[in-house]
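All values derive from a computational prediction rather than experimental measurement. Proteins get letters first, then strands, A, B, ... in listed order; numbering begins at 1 in each.
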Amino acid sequence: MWEDIKDFASTFFVTGDPLIYGADVSIVLTMLAIVFVLTKYKKWGWLWREWLTTVDHKRIGIMYLIASLLMLFRGGVDALLMRLQLAFPNLEFLHADHYNAIFTTHGTIMILFMAMPMMFGLFNMVVPLQIGARDVAYPFLNALSFWLFFLGAMLFNLSFVIGGSPDAGWLSYPPLSQNDFSPGPGQNFWIWGIQISGIGSLATGINFIVTILKMRAPGMTLSKMPLFSWSVLSSSIMIIFAFPILTITIALLFLDRFAGAHFFTMDGGGNPMMYLNLIWMWGHPEVYIVVVPAFGIFSEVVATFSRKRIFGYKSMVWALMAIAIASFFTWAHHFFTMGTSASVIAFFAISTMVIAIPTGVKVFNWLFTMFRGRISFKQPMLWTIAFIPCFLVGGATGVMLAVAPADYQYHNSYFLIAHFHQVLIGGVVFGYLAGIYYWWPKLFGFKLDEKLGRWGFWFWNIGFYICFMPQYALGFMGMTRRYYTYGWDRGWEDLNLVSTVGAFMMGIGFIFQVWQITYSIKHGERDTTGDPWDARTLEWSIPSPAPFYNFAVVPNVKDSDDWWATKQAKANGTYKEEPVHLEPIHMPKNSGIPIIMSTFWFLIGFGFTFGWVWMAVVGFIGVAVCMWVRSFQYDTDYYVPVDEVRRTEASLGRVL
Amino acid sequence: MMANHHDHSHGHDHHEEHEQLKVLGFWIFVVTDCILFGTLFATYAVMMHSFAGGPTGKELFELPGIIASTFILLTSSFTSGLAVLAMNKGKVKELIAWLAVTAVLGLAFVVLEVNEFTHLMHEGATMATSGFWSAFFTLVGTHGLHVSVGLFWMVALMMQLKRRGINAVTRRKVTNLSLYWHFLDVVWIFLFTVVYLMGVM
Amino acid sequence: MTQHQNHGGHQDHGSLKSYVIGFVLSIVLTIIPLVLVMNQMLEKTALVITILVMAILQFVVQLFFFMHIREGEKPRYNVQTLILGLVIVFTIIAGSIWIMMFNKY
Amino acid sequence: MSGGKMLRQIHFWILAALTTVLLSGCGSEYLVLNPKGPVAETQYNLIIISTILCAVIIVPVLALTAFIVYRYRDKPDNKAPYKPEWAHNSVLEAIWWGIPVVIIAILGYFTVRDTYVLKESPNKEVAPMTVQVTALDWKWMFTYPEQNIATVNYLEIPVGVPVHFQISAEAPMNSFWVPSLGGQVYAMAGMATELYLQADEPGEFAGFSSNFSGEKFAHMQFKVVAKPQEEFNKWVSEVKGTSPAMTKEDYNELKKPGLAEEKLYSAFPEGLFEEIVQKYGHGHDMDHVMQKQPAPTGDKSKETSQLPPTDMSNMPGMDHSSMKH
Ligand code: HEA
Ligand code: HEA
Ligand code: CUA
Ligand SMILES: [Cu+2]
């Protein structure tokens, strides 16, 4: 009996590595600390009522933000570990299997559990406020999306201490990811972590499409809608078409592993290339899904900090939509080297390059928004300006990759690694950081400290170029990605060391940002006006932080930069004060079902990961019961009485 | 810039609008389901000839049962339409009755499918037989699973209709359900054509 | 106000007549390919094309007679989503087949 | 910190980085930038062309960015015009929809041209020699059907002769890459991909697997040696004279996961490569690869050309007749 337990434990828990024991201990300690604090201050009820069951888009946005920052840390630590291992030739810091697990989790976490939730966080924090709505179209579904993401991410991260991490690359190509070559639960964690959070992402896509199409304030026609909201629409369109493909692809991979199917196996008529084909049909749109909202953020920030209307609004909208559609016709550029026909390769090479055209238009429009403007270098603007050169060069190397015959030389080399970090960090991370700095005061009511922020900014930026520019050169030297080590004979050592130094500079930048946040909570400049940047769109017309119902009175929009126009009119004295008429506000009720149902999904994932079918069955029954119960709930919303609205507004310093 | 009043008269309640919103959302969900099936069809098309020495579809498919399921599902699509008609006329009893007919037909379809699958497994064609059979079972099974979920939903809805009658919420739910049901019918038509008819050619 | 403006009265969704027509059409469109295939009445390529066309026609029938694609609010976001979705479905299927053929040119 | 200062810093770093890449491009460790054969040469030219075409637009835009950010910074005494409502200009917008179109068109032309070119032998004058490449868990096996010799992790080829590689695997997917001679192609179980390479001068080149295939992937490298034809012939007869023959058992031993030293074999089991390909056949039409054998040049070459075309289509899952190529 005891032996059995020991046996079980030694395969169940990941053992044998001091790093992991360290992680185990710190996880247990953190959990205990959280439980202790919550119990001591009697905060369990508060946590449940105010956060875990909330359907308020602003709170959900904040939860996404916190989770994604934690994931940025985890993914970043992975990155630093990899860079440490590669700093010198023949280093024995990480063994091959450990290194392989780390780049796999790094890539997966950064894209699916860092970039995606940070993006959803920004969607949630901004879109309803920007279009003058009181919430998203489906607040309950929104909460469900968040919890599905969160529990999916937790399931994935659990692999670090239980069962073992996946180690077949962030897109887990078969046959390597099949049972024959990747036995054990690691790969299943990958499948189920992504599957569960993927369902949430799909729901978020639907939610925001309907929100944007149907919940805009009166007068805000689509042609007056701010560009960030447009970019969210574009991104959501890609989500709803791309994510079902992902769902199926990894479901099929799971069937191969679990039910002995032969979709992507080497034998039995399976076809591993079909997996490559399918996963990139999702994977390529995916990278645009995450970058397009960053484009939206830049559009808002550039206009605000140049104190000028965005240039070429129509072109910007067309470009966003063109990117969304075109992104579905380029997927094969990720396997030019698969040996398929020349016409396929030629077609996808051209379709890939075509994306440079609308992207370029956006860059030019940003530049000409600054042109004849007045640029002030606040934090959001700093990141935006830094983005431009970084993304230009990264985009240009993307176009070079699209030259298919040349790609035979770049493919899977560090040239590729450099390309995508340049667009992912220079585009996505810089963009989201710009967005977070920009909208932070709206969410929390205070600004983030400028001085610490600048330190963070410069470390990130300089670190970035030091880290990734040498990698282009390494690619030309033949250095292949996913090498856990290399010898002295190739001449790769100098540039690798430089690259590692740069990576650690980015790490220092991140530390400055964490410091900045903790510092600013106490000492940050408070935002009493609700409009700290003298900005242009609706979200700045209400107090910071926004009351739970967002708008006491739904605004009537007349201009594409409506708040700016209002301020202008007030300054010119042409503003016509309209009598305020308050009405009871219709709001959704909180619900515990999203978190409970997602927990059952977690059970399904965990059960299948270890092949414990009974647990998965319990999970499925739980999910079904949750849906049943929800279907029978009719009392799902309520009205906020006028009195309460008036009181709340008064407490925020607004007289109505 | 503040609107003093919603510039429309409050002739109808807010519920109605919220429910309208959910119809659009559900429609979009159905389109994403189209993509899901499209991916399965693509997989099936690529694996169509990967028999790996195992049995082929032509050898094992038994069309009579399939034809029966096809007409059953077609009819159920029609009866779910009749349910919506009854709803528009405000007749709860009739609505529930037509839903019940639809559910029975749907159940018959599922039973036939389970039957077919057991038959195939008997003949030695399982998920693990070859790429072709993996693709077959997944594609057809996913459709069957959708039908089963629809049945589950239909039962819940009939209970709600009984309890609450026709109102904005139940109206929206019936609309969505029938949309879903028609959609499954369409998917089946393509399954029938691509998998079975082309399979026995 | 955008969220309200497209909301004039309730259309009645279809009539008995349209449902019956749709039902009859879909039965006919199922029987034709069935007969064609059972009796091998056409050469293979022609047969495949014919039955696929029948399936598409039947889809159209369901859209118009059962799902009432013509009715509903404007702008027709639902129709736009559907069309885009179908384009992508087509891309997935045709693209996969094309890529996975591995011809030389 | 002022915007100007910040921008100067950004540009300093970009320029520094680019110069590192470009200047050191002459160094011999930059394999891709020192092509040693016509295929790598074609790709090198494309790299240069695409870099120039991108630079043509990217460098001016970078300069423009610097200029605009500096000129329109928010300083009390800044005399630059300020036009907060200026937000549209059809001519300008047409220009920046248009210029990229032109550049992409030019780039697209070269891309498509060379995509088709590289599907063919780079040298029409000389009959290509065939080498079959099999990726195993974590080693490369080369079989020479025309010479009937085999090697592991060591590839020797004659200078000036195009080599037609047929590439497969009995392992997870790898990628066959000799940067000095030209770009890569995947090595996958159940199918044979093809690649033409040629060395223009004698030398020793590094070969890599560039697609991740598991634990010892980082060590899955091989050596390529190019020699004048006579020396190559001499090497072949030497191998034939001195090395052992590979048996079926040897192969089974070889394919077990693990690393291997360089090895030479004076012979290999007949039809080994074809067998490996067919073992996992998964429904592609391999005829175009397998049948297009070069004209027989050596006495042993019959072995591969003997493979009747029906063999592939008889394979389970290989029948594509109904899919209308
Ligand atoms: C946010 C993420 C992001 C973005 C925006 C992009 C943008 C682009 N990417 Fe990238 N890409 C990735 C993330 C991203 N990529 C990732 C993660 C991978 C690897 C995944 C893996 O294998 O693990 C990858 C891989 C990848 C490949 C595969 C290479 C290989 O595996 O061998 C290719 C090939 O074509 C490519 C091309 C492009 C192109 C052409 C663009 C274009 O959209 C860029 C367009 C932008 C510009 C060009 C700059 C601005 C334009 C102008 C100023 C106009 C004028 C310019 C010209 C005419 C040149 N990318
Ligand atoms: C949005 C996506 C994203 C982001 C932001 C990053 C960020 C970084 N990435 Fe990553 N990367 C990917 C997506 C991303 N990456 C993907 C998809 C892959 C492919 C995976 C695969 O091949 O499967 C990849 C692969 C990849 C590789 C190639 C590995 C290989 O092929 O062998 C490398 C190597 O240098 C690398 C480095 C980095 C670095 C240095 C950062 C830096 O920006 C990170 C900055 C650091 C921090 C933010 C953390 C700060 C932490 C601390 C300060 C704590 C310090 C504590 C300790 C050290 C204990 N990444
Ligand atoms: Cu790859 Cu067949
Ligand atoms: Cu891509």
Participant: Check each atom of D:Leu92 against the heavy atoms of chain A and say whether the ones under 4.5 Å are side chain, backbone, both or neither.
Facilitator: side chain

Participant: Below 4.5 Å from any heavy atom of chain D, which atoms of A:Leu276 appear? Answer side chain, backbone, both or neither.
Facilitator: side chain

Participant: Can any side-chain N or O of D:Tyr82 pair as donor or acceptor with the backbone N or O of A:Arg307 at less than 3.5 Å?
Facilitator: yes

Participant: Please identify, among D:Gly183, D:Ser175, D:Ser50, D:Ala87, the residue contributing the most non-hydrogen atom pairs under 4.5 Å to chain A.
Facilitator: D:Ala87

Participant: Is A:Phe181 close to chain D through its backbone or its side chain, or both, or neither, when contacts mean heavy atoms under 4.5 Å?
Facilitator: side chain

Participant: Side chains of D:Tyr280 and D:Glu170 only: does a donor on one sit below 3.5 Å from an acceptor on the other?
Facilitator: yes

Participant: Tell me, with the steps shown, if A:Phe387 and A:Trp366 meet side-chain contact (heavy atoms from CB on, under 4.5 Å).
Facilitator: CA-CA 11 Å; A:Phe387 145 84; A:Trp366 289 318; 3.5 Å; yes

Participant: At a heavy-atom separation under 4.5 Å, does D:Leu53 approach chain A through its side chain, its backbone, both, or neither?
Facilitator: neither

Participant: Would you confirm whether D:Ser168, through its side chain, and D:Met188, through its main-chain N or O, come within 3.5 Å as a donor-acceptor pair?
Facilitator: yes

Participant: Taking A:Gly475, A:Gly491, A:Ser413, A:Ala396 one by one, which has the highest count of heavy-atom pairs under 4.5 Å against chain D?
Facilitator: A:Ala396

Participant: Checking D:Ala55 against chain A: side chain, backbone, both or neither under 4.5 Å from a heavy atom?
Facilitator: neither

Participant: Measure D:Ile68 against the heavy atoms of chain A and call it side chain, backbone, both or neither at under 4.5 Å.
Facilitator: both

Participant: With a 4.5 Å cut-off on heavy-atom pairs, point out which of A:Phe368, A:Phe335, A:Tyr173 contacts chain D the most.
Facilitator: A:Phe368

Participant: I want to check something: taking the side chain as every heavy atom from C-beta on, are A:Met479 and A:Tyr414 in contact at a cut-off of under 4.5 Å?
Facilitator: yes

Participant: Quick one: does D:Gln43's side chain have a donor or acceptor within less than 3.5 Å of a partner on A:Tyr408's backbone?
Facilitator: no

Participant: Looking at A:Asp489, A:Leu474, A:Asn412, A:Ile310, which one has more heavy-atom pairs under 4.5 Å with chain D than the rest?
Facilitator: A:Asn412

Participant: With chain D as the partner, which of A:Asp407, A:Leu176, A:Thr485 has the greatest number of non-hydrogen pairs under 4.5 Å?
Facilitator: A:Leu176

Participant: With side-chain contact (heavy atoms from CB on, under 4.5 Å) as the criterion, how do A:Gln471 and A:Phe415 come out once you've worked through the C-alpha distance, each side chain's angles and the decisive distance to 0.1 Å?
Facilitator: CA-CA 6 Å; A:Gln471 294 190 1; A:Phe415 188 92; over 6 Å; no

Participant: Looking only at side-chain N and O atoms, does D:Gln184 offer a donor or acceptor that is under 3.5 Å from a partner on D:Ser210?
Facilitator: yes

Participant: Atom CH2 of residue position D:Trp97 - does it have more than 12 heavy atoms of other residues, nucleotides or ligands inside 6.0 Å?
Facilitator: yes

Participant: Does any N or O in the side chain of A:His411 come within less than 3.5 Å of the main-chain N or O of A:Phe336, such that one atom is a donor and the other an acceptor?
Facilitator: no

Participant: With chain D, which of A:Val361, A:Thr480, A:Asp267, A:Ile350 has the greatest number of heavy-atom pairs at distances under 4.5 Å?
Facilitator: A:Val361

Participant: I'd like to verify something: which residue of A:His262, A:Arg374, A:Lys308 has the highest number of heavy-atom pairs under 4.5 Å with chain D?
Facilitator: A:Arg374

Participant: Might you point out which heavy atoms bring A:Tyr484 and A:His95 nearest each other, and give the distance in Å?
Facilitator: CD1-C, 4.3 Å

Participant: Is a side-chain donor or acceptor of A:Gln422 paired with a backbone partner of A:Cys390 at a separation under 3.5 angstrom?
Facilitator: yes

Participant: Let's test your reading of the structure: which of D:Phe208, D:Phe217, D:Trp96 forms the most heavy-atom pairs below 4.5 Å with chain A?
Facilitator: D:Trp96

Participant: Name the option with the most non-hydrogen atom pairs under 4.5 Å to chain A; the candidates are D:Ala206, D:Ala169, D:Pro179, D:Ala40.
Facilitator: D:Pro179

Participant: Checking heavy atoms, do the side chain of D:Ser90, its backbone, both or neither come under 4.5 Å from chain A?
Facilitator: neither

Participant: Side chain, backbone, both or neither: which part of D:Ser213 has a heavy atom under 4.5 Å from chain A?
Facilitator: backbone

Participant: Does a salt bridge link A:Arg309 with A:Asp559, judged by any charged N lying under 4.0 Å from a carboxylate O?
Facilitator: yes

Participant: Among D:Pro84, D:Ala105, D:Pro257, single out the residue with the greatest number of heavy-atom pairs under 4.5 Å to chain A.
Facilitator: D:Pro84

Participant: Between D:Pro100, D:Pro81, D:Gly108, who has the most heavy-atom pairs with chain A when the cutoff is under 4.5 Å?
Facilitator: D:Pro81

Participant: Side chain, backbone, both or neither: which part of D:Glu93 has a non-hydrogen atom closer than 4.5 Å to chain A?
Facilitator: side chain

Participant: For D:Phe212 and A:Phe103, take the angle between the two ring planes, folded into 0 to 90°, and tell me which bin it lands in: parallel under 30, tilted 30 to 60, perpendicular over 60.
Facilitator: perpendicular

Participant: Which answer fits A:Ala303, side chain, backbone, both or neither, if we ask what part of it has an atom under 4.5 Å from a heavy atom of chain D?
Facilitator: neither

Participant: Go through the atoms of D:Trp177 and report whether side chain, backbone, both or neither lie under 4.5 Å from a heavy atom of chain A.
Facilitator: side chain

Participant: Is chain A contacted by the side chain of D:Asn45, its backbone, both, or neither, given a heavy-atom distance below 4.5 Å?
Facilitator: neither

Participant: Looking at D:Lys83, D:His219, D:Arg71, which makes the most heavy-atom pairs under 4.5 Å with chain A?
Facilitator: D:Lys83

